[in-house]
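I have placed the structure first, in the form of structure tokens, so that the comments after it can refer back to it.
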Amino acid sequence: SQQGEEDPQALSIQEGENATMNCSYKTSINNLQWYRQNSGRGLVHLILIRSNEREKHSGRLRVTLDTSKKSSSLLITASRAADTASYFCATEGNFGNEKLTFGTGTRLTIIP
Amino acid sequence: DAMVIQNPRYQVTQFGKPVTLSCSQTLNHNVMYWYQQKSSQAPKLLFHYYDKDFNNEADTPDNFQSRRPNTSFCFLDIRSPGLGDAAMYLCATSSFAGETQYFGPGTRLLVL
């Protein structure tokens with residue numbers, strides 16, 4: 001299975017601190033994406049990073065990609081209570097099979 | 001606003017009673033996906049359509065079927081729901097395969 005593993009499974013931090021989540025995957029990819037899911041809701045796309053990119057920023061989000069280690073990290077700076085959610089990485093393999101494979105997710109709790 | 005709509009948001013059915021979940025999109029995207037997500041797990045892809053081309057995941061049970069009568073609509077039919085089919089069902093779309101996916105709010109299915 002190409003399913004990614006996310007680390008940690010759960011993370012609790014104080015509001016204002018930075019949160020870092022990691023994702024590892026098994027096979028070569030075209031791109032890696034991060035999604036957020038609030039409890040009982042659909043997923044919301046956060047950022048997409050392509051295999052030839054090493055770092056991307058979007059507001060308080062910073063994503064890095066290391067294809068040699070088959071890993072990615074998502075950093076949320078200056079966390080807010082509203083950032084409480086589950087975060088999933090998803091990879092598009094370079095098989096041309098038109099689908100994403102989601103990781104196991106990190107449950108982030110921001111303590112006010 | 002362009003979006004992905006799922007109806008109903010909550011569906012209760014009886015063991016063995018067929019049920020249909022619906023998804024519509026105003027994004028005019030080529031690709032539509034159906035995922036099953038159980039509590040605290042990653043979304044699991046059931047099917048996807050690239051335009052009218054249907055793609056079934058190898059491990060999707062025969063009990064699950066899908067229809068895409070036109071670009072905007074996609075349906076998930078569960079012929080004989082079992083207790084193990086209780087889950088959140090997520091519909092998503094993307095303009096091109098492997099790119100950013102846009103999710104609906106999900107339908108939570110309860111099987112009694």
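All heavy atoms count here, side chains included; hydrogens, waters and symmetry mates do not. First the proteins, then the strands, lettered A, B, ... as listed; each starts at 1.
- In this structure, the portion of B/Y35 lying under 4.5 Å from any heavy atom of chain A is its side chain and not its backbone.
- For B/F103, the CZ atom counts as densely surrounded, since its 6.0 Å shell holds more than 12 non-hydrogen atoms of other residues, nucleotides or ligands.
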(message) As a quick check of understanding, evaluate side-chain hydrogen bond (donor to acceptor under 3.5 Å, both in side chains) for B/Y33 and B/S94, giving each step before the final call.
(response) CA-CA 8 Å; B/Y33 307 82; B/S94 66; 3.0 Å; yes
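- At a 4.5 Å heavy-atom cutoff, the contact between A/Q37 and chain B is made by side-chain atoms alone.
- The contact between A/L43 and chain B is made by backbone and side chain atoms together, counting heavy-atom distances below 4.5 Å.
- Within the 3.5 Å criterion, the main-chain N or O of B/G106 finds a donor-acceptor partner in the side chain of B/R9.
- Using a 4.5 Å cut-off between heavy atoms, B/E57 contacts chain A through its side chain alone, with no backbone atom that close.
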(request) Verify side-chain hydrogen bond (donor to acceptor under 3.5 Å, both in side chains) between B/W34 and B/T60, making sure each step is shown before the conclusion. (result) CA-CA 11 Å; B/W34 277 107; B/T60 298; over 6 Å; no
